[in-house]
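Worksheet: one structure, shown below.
All values reported here derive from a predicted model rather than from experimental measurement.
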2 protein chains.
Amino acid sequence: MDGLGLLRCICDETRFGILEELGGGEKTVGQIVQKIKRDQPLVSHHLRTLKECGIVSSRNSGRNVMYSISSRHLSDLIEQIRKTSHEMNDVCCVR
Amino acid sequence: MDGLGLLRCICDETRFGILEELGGGEKTVGQIVQKIKRDQPLVSHHLRTLKECGIVSSRNSGRNVMYSISSRHLSDLIEQIRKTSHEMNDVCCVR
DNA sequence: TTGTCATATAAATTATAATTTATATAAACT
DNA sequence: AGTTTATATAAATTATAATTTATATGACAA
């Protein structure tokens, strides 16, 4: 993958929210839905996208599906994005 | 700024291209236009966005305007995005 | 002071992606 | 087997952003 591809995949509000949740460890779809307060089909849809891009992995556990960030490098990157952005005073003009 | 704001601002193809060019040091608008092969008004438009978000800075030099990445943290981040993405085998499904 | 080069701006258009709504699947419990 | 719970999928809608086209500004040189 290239840099732009990775960015494109994580720069959506719902997807970034999911990744921030998964930064705290693996979670079920239902747990993510509760945390980020978005509709279940929407969360499932974005989890699928993240998975197809190799950013998250999943495993079945009974009737639940547990999702997690697929590599340490990726969770470190999410963290660095958070840090770098907080060091900036500006408000981003892009919405 | 927050993580999502920063991502939103850099996840566009043209803007990411500009930032990759500026990673090599400050450049004029014309130099960027040549390098990334996009129309001048388009490049100016995106440079403005990047500047308003505090991601690039500019200074005048005669009739040229020189742009550069506004902090070391940011250029490091661009580099880490590049690295992390290259470690992934997947092709991103988001376009 | 006129012409040219470099850059910027604004409006119109086009492209792209997110969300909602409705429904399907699949596992576990009764 | 039938019901409930958890998750997934697909189509339709809506929202958002990128690009193009046309034009303006501002600095410098002739």
Side-chain angles (χ1 to χ4, degrees), chain A residues 1-22 26-68 91-95, chain B residues 1-22 26-68 91-95:
Chain A
M1 193 188 297
D2 64 359
L4 182 63
L6 174 55
L7 281 179
R8 276 237 168 97
C9 198
I10 66 180
C11 76
D12 169 73
E13 178 168 16
T14 304
R15 287 198 292 271
F16 193 68
I18 290 172
L19 292 173
E20 286 189 313
E21 284 309 320
L22 294 182
E26 69 171 5
K27 292 198 168 47
T28 68
V29 179
Q31 290 174 318
I32 299 168
V33 167
Q34 280 203 323
K35 282 281 191 178
I36 72 173
K37 297 187 178 71
R38 282 192 168 48
D39 294 337
Q40 177 271 314
L42 181 62
V43 171
S44 276
H45 172 251
H46 285 297
L47 280 169
R48 185 193 189 185
T49 301
L50 287 167
K51 190 176 176 184
E52 284 178 356
C53 293
I55 292 171
V56 305
S57 321
S58 67
R59 68 180 180 85
N60 289 45
S61 165
R63 40 179 154 184
N64 289 334
V65 181
M66 313 281 315
Y67 281 90
S68 55
V91 172
C92 189
C93 55
V94 181
R95 41 201 65 96
Chain B
M1 193 188 294
D2 64 359
L4 181 62
L6 175 54
L7 282 178
R8 276 236 167 98
C9 199
I10 67 180
C11 76
D12 168 73
E13 178 168 16
T14 304
R15 286 198 291 271
F16 193 66
I18 289 172
L19 292 172
E20 287 189 313
E21 284 307 321
L22 294 183
E26 69 171 4
K27 290 199 170 46
T28 69
V29 179
Q31 289 175 319
I32 298 168
V33 166
Q34 280 203 324
K35 282 283 194 178
I36 72 173
K37 297 187 178 70
R38 284 195 167 50
D39 293 338
Q40 177 270 314
L42 181 61
V43 171
S44 275
H45 172 251
H46 285 298
L47 280 170
R48 184 193 189 185
T49 300
L50 289 168
K51 191 176 175 184
E52 283 179 354
C53 294
I55 292 171
V56 304
S57 322
S58 67
R59 68 180 179 86
N60 289 46
S61 164
R63 36 180 157 185
N64 289 332
V65 180
M66 313 281 317
Y67 281 91
S68 55
V91 172
C92 187
C93 56
V94 181
R95 38 202 65 98

State whether B:Y67 places a side-chain N or O below 4.0 Å from either non-bridging phosphate oxygen (OP1 or OP2) of C:dA6.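 The answer is no; no side-chain N or O of B:Y67 sits under 4.0 Å from OP1 or OP2.
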
Set out, in order, the CA-CA distance, both residues' side-chain angles and the distance that settles side-chain contact (heavy atoms from CB on, under 4.5 Å) for A:L47 and A:I32, then state yes or no. CA-CA 10 Å; A:L47 280 169; A:I32 299 168; 4.3 Å; yes

Letter by letter from the 5' end, nucleotides 18-30 of chain C scores (B base, S sugar-phosphate only, - none; protein heavy atoms under 4.0 Å) SBBBB----BS--

Can you tell me how far CD1 of B:I55 sits from OG of B:S68, rounded to the nearest 0.5 angstrom?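 Answer rounded to 0.5 Å: 13.0 Å.
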
Once you round to the nearest 0.5 Å, how far does CD of B:Q31 lie from CG of B:L22? 10.0 Å

Scan the side chains in residues 14-21 of chain B for donor-acceptor partners under 3.5 Å anywhere in the protein, sequence neighbours excluded, and list what turns up.
{"residue": "B:R15", "atom": "NE", "partner": "B:C9", "partner atom": "O", "Å": "2.5"}
{"residue": "B:R15", "atom": "NH1", "partner": "B:H46", "partner atom": "ND1", "Å": "3.1"}
{"residue": "B:R15", "atom": "NH2", "partner": "B:R8", "partner atom": "O", "Å": "3.4"}

Expressed as a whole number of angstroms, how long is the span from B:K27:NZ to C:dT7:P?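 Distance check: B:K27 NZ to C:dT7 P gives 13 Å.
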
Euclidean distance, atom CG of residue B:N64 to atom P of D:dC28 [Å, nearest integer]: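 Going from CG in B:N64 over to P in D:dC28 covers 10 Å.
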
Applying side-chain contact (heavy atoms from CB on, under 4.5 Å), name anything that partners B:N64, two or more places apart in sequence or on another chain. B:T28

